[in-house]
S.K.: 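What follows is a single structure, and I will ask about it in a moment.
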Amino acid sequence: MAHFSPEGLTVGKVVETEAYLGRHDPACHSARGPTARNAVMFGPAGFLYVYLIYGMYYCVNVTTDGAEVPAAVLLRALEPVAGVELMGQRRGTSHIRQLCRGPGRLARAMGIDRSLNGTSAVDGPVRFYPPLPGEARPDIVAAPRIGVREAVDWPLRFYIRDNPFVSRR
DNA sequence: TACTCGATTAACT
DNA sequence: GTTAATCGAGTAG
């Protein structure tokens, strides 16, 4: 993923995500119907759903499915690829492994806040790209989602095995 | 209009 | 290991 921001370009490889499945997933914000916050999930796939959590961090999601299935994928960790210096400025650390390790940290490092809620993940300032040509398919582990109280045993967290940038093992 | 608490993190002991 | 920070969406009254 990349963010073309006024401050500069930052790029990271997605190494950890969580799925939120929509109305029938009790941990999903859309489970109790549309609200002002989750409105983007009730639209088409491929748009950013950004919300404030714990009053101080942003979580970045990409909507999936169509308007009939209000689902999204949460980005939990990135491997920094470009713009590392800018990420460090935004995060106040130079330790590369800590820059994008966790949903709140990656949003901060990438300069993503609620002003980007509802923007396109294809055309917008924040964009997602397919794997590089010839890149080997990673070994992906499925595990329970972190920080949710509902549906604790649904294995909807996915991360690249042994990747040092994932938030937890 | 008021109250509760979260898809977290950093800074403590 | 524990807890404070910090705020607005969601819900109840």
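Just so you know, these numbers use all the heavy atoms, side chains as well, and skip hydrogens, waters and symmetry mates. What you are looking at is a predicted structure, and each value in this text was computed from that prediction instead of being measured. Numbered from 1 within each chain, the chains take letters A, B, ... in sequence-line order.
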S.K.: Side-chain N or O of R149(A) versus OP1/OP2 of dC5(B): is the shortest distance under 4.0 Å?
M.R.: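 No, outside the criterion.
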S.K.: Examine Y51(A) together with H29(A) and report whether their ring centres are nearer than 6.0 Å.
M.R.: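 For Y51(A) and H29(A), the ring centres are under 6.0 Å apart.
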S.K.: To the nearest Å, give me how far apart CD1 (I53(A)) and P (dA9(C)) are.
M.R.: 12 Å
S.K.: What is the distance from CD of E150(A) to P of dC5(B), rounded to the nearest Å?
M.R.: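 Between P of dC5(B) and CD of E150(A): 14 Å.
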S.K.: To the side chain of V148(A), which of dA10(B), dG10(C), dA7(B) is closest?
M.R.: dA7(B)
S.K.: Looking at every heavy atom in both P125(A) and L116(A), which two are closest together, and how far apart are they?
M.R.: CG-CD2, 3.7 Å
S.K.: Would you indicate which nucleotide in dA7(B), dG10(C), dA10(B) comes nearest to any side-chain atom of T35(A)?
M.R.: dG10(C)
S.K.: With a 4.0 Å limit, can you tell me whether R114(A) has a side-chain N or O closer than that to the phosphate oxygens OP1/OP2 of dG8(C)?
M.R.: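 Negative; the distance criterion is not met.
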S.K.: I want to check one thing: is the phosphate of dT8(B), taken as OP1 and OP2, less than 4.0 Å away from some side-chain N or O of R108(A)?
M.R.: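 No, R108(A) has no side-chain N/O under 4.0 Å of OP1/OP2 on dT8(B).
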S.K.: Among dA5(C), dT11(C), dG6(B), which nucleotide has an atom closest to any side-chain atom of R32(A)?
M.R.: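 Among the listed nucleotides, the one closest to the side chain of R32(A) is dT11(C).
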S.K.: Rounded to whole Å, how long is the line connecting atom NE2 of H29(A) with atom C1' of dT8(B)?
M.R.: 12 Å
S.K.: Distance between the C1' atoms of dT3(C) and dC5(B), in whole angstroms?
M.R.: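 After rounding to an integer number of Å, I get 15 Å for this pair.
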S.K.: Tell me the interatomic distance from D113(A), atom CG, to dT6(C), atom P, rounded to whole angstroms.
M.R.: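 Result: 18 Å.
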S.K.: Compare the minimum distances between each of dG6(B), dA7(B), dT9(B) and the side chain of R105(A), then state the nucleotide with the smallest one.
M.R.: dT9(B)
S.K.: Heavy atoms only: give me the nearest C28(A)-Y20(A) pair and the separation to one decimal.
M.R.: SG-CB, 3.8 Å
S.K.: Measure NE2/H95(A) against P/dA10(B) and give the value in whole Å, please.
M.R.: 12 Å
S.K.: Which part of the nucleic acid, if any, lies within reach of R91(A) when heavy atoms closer than 4.0 Å are counted: base, sugar-phosphate only, or nothing?
M.R.: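 R91(A): backbone/sugar contact only, no base atoms under 4.0 Å.
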S.K.: Tell me whether the side-chain N/O atoms of R37(A) come closer than 4.0 Å to OP1 or OP2 in dG10(C).
M.R.: yes
S.K.: Given side chains that start at C-beta, do those of R161(A) and P138(A) come closer than 4.5 Å, heavy atoms only?
M.R.: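 Side chain of R161(A) against side chain of P138(A), heavy atoms only: no contact under 4.5 Å found.
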S.K.: Could you state the CG-P distance from L99(A) to dA10(B), rounded to the nearest angstrom?
M.R.: 11 Å
S.K.: Starting the side chain at C-beta, find the nucleotide from dT8(B), dA7(B), dG10(C) nearest to Y54(A).
M.R.: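 Minimum distance to the Y54(A) side chain belongs to dT8(B).
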S.K.: Can you measure L52(A) atom CG to dG10(C) atom P for me and round it to whole angstrom units?
M.R.: 12 Å
S.K.: State yes or no: do V14(A) and F47(A) share one hydrophobic cluster built from I, L, V, M, F, W and Y residues joined by side-chain heavy-atom distances below 4.5 Å, directly or via other members?
M.R.: no
S.K.: If you measure from the ring centre of Y57(A) to the centre of the six-membered ring in the base of dT8(B), is it under 5.5 Å, with the planes under 30° apart?
M.R.: no
S.K.: In the strands shown, is dA10(B) matched to any nucleotide by a Watson-Crick or G-U wobble pair with both distances under 3.5 Å, and which?
M.R.: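 The answer is dT3(C), by the H-bond criterion.
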S.K.: Can you check the M56(A) CE to dA9(C) C1' distance for me, whole Å?
M.R.: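 Rounded to the whole Å, the gap is 16 Å.
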S.K.: Side chain to side chain donor-acceptor pair (under 3.5 Å), that's the test. Do S167(A) and R101(A) meet it? Break it down for me.
M.R.: CA-CA 5 Å; S167(A) 65; R101(A) 193 176 197 215; over 6 Å; no
S.K.: So does Y51(A) reach the base of dA7(B) with its side chain, donor to acceptor, closer than 3.5 Å?
M.R.: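 Yes.
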S.K.: Once you apply a heavy-atom cut-off of 4.0 Å, does R145(A) come out as touching a base, just sugar-phosphate, or nothing?
M.R.: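 Since no nucleic acid heavy atom lies under 4.0 Å of R145(A), the category is nothing.
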